[in-house]
Amino acid sequence: MKTWGKQAKFSELNVLSSDIAIGIECFSNVAYSLAKKNAETGCMFEMSAPNKQYDLMRGEQAHALAIQEDLPVEIGKLAGLVCIFESTNQPFELAKHYLGNNVFDFLQQACPANSNSTGML
C-alpha cells in the first residue's frame, strides 16, 4: 500500500534519519580529517580547519529548535548533517559512500553549492 502526503514525507524522513545514524560517525571523521588536511596543505593562504565542536553545537541547536517548533526530531539530524557537510566542503561522493543514496540525493538538493567541490575521496 502506497503512502501519500505528510505520512509519505515522514516515512522518507525516517529512512534518511536511519541512514544518517548508521553512517554519520565515519562520514564526519573522514570529512573533518580531509578538511583539516586541505586547510594545512591546499591553500596559498593560511586557512583555519572547520571547528567540529562548533558544528556539533549548531546541530544540537537545530535539534532543540525542531522539538520547540513541534517538528519531527529527524529534522535536527538532517540539519546537523548539513552543518558538517557545508563546513567541511566535501564532495557529494564522500556522502554517498558513507551515508548511501538517499542521503546523497538529499544533500545534493540541500547543498547545491557543493556540486563544484574539488575535495578528494
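A quick note: this is a predicted structure, and the numbers were derived from the prediction, not measured.
Annotation for K52: atom NZ counts as buried by contact number, over 12 foreign heavy atoms lying within 6.0 Å.
The side-chain heavy atoms of V82 and F106, taken from C-beta on, include a pair separated by under 4.5 Å. Put simply, the side chain of H97 does not reach to within 4.5 Å of the side chain of L94, judged on heavy atoms. Counting heavy atoms from C-beta outward, I20 and F27 have side chains that stay 4.5 Å or more apart. Annotation: side chain of L99 is not in contact with side chain of I22 (no heavy-atom distance under 4.5 Å).
Heavy atoms only, all atoms of each residue included: A35 and Q90 are closest at N-NE2, 3.8 Å. In terms of heavy atoms, C111 sits closest to F85 at SG-CD2, 3.6 Å. The nearest pair of heavy atoms linking L13 to L78 is CD1-CD1, 3.2 Å. Among all heavy-atom pairs drawn from P50 and Y32, the shortest one is CB-CE2, 3.8 Å. Annotation for A66 and I75: closest pair CB-CB, 4.2 Å, computed over non-hydrogen atoms.
Separation of atoms CG (L65) and CG (L71) is listed at 7.5 Å; rounding is to 0.5 Å. Rounding to the nearest 0.5 Å gives a distance of 5.0 Å between CG of L107 and CG of L81. Taking CG of N38 as the start and CG of N89 as the end, the distance is 8.0 Å to the nearest 0.5 Å. Summarising the geometry, atom CD belonging to Q61 is positioned 9.0 Å from atom SG belonging to C83; distances are rounded to the nearest 0.5 Å.
Within the 3.5 Å criterion, the main-chain N or O of E25 finds a donor-acceptor partner in the side chain of N29. Although no hydrogens or angles enter the test, the distance criterion places no donor-acceptor pair under 3.5 Å between the side chain of S18 and the main chain of N14.
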Query raised in the report: Where do L16 and N102 land on the side-chain contact (heavy atoms from CB on, under 4.5 Å) test, with the steps shown first?
Result: CA-CA 6 Å; L16 285 174; N102 291 321; 3.8 Å; yes
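V15 and V103 fall into different hydrophobic clusters, where Ile, Leu, Val, Met, Phe, Trp and Tyr are joined by side-chain heavy atoms under 4.5 Å apart, directly or via other members.
Screening residues 73-87 for side-chain hydrogen bond (donor to acceptor under 3.5 Å, both in side chains) gives S17-K77, D55-S87 as the qualifying pairs, with residues at least two apart or on separate chains.
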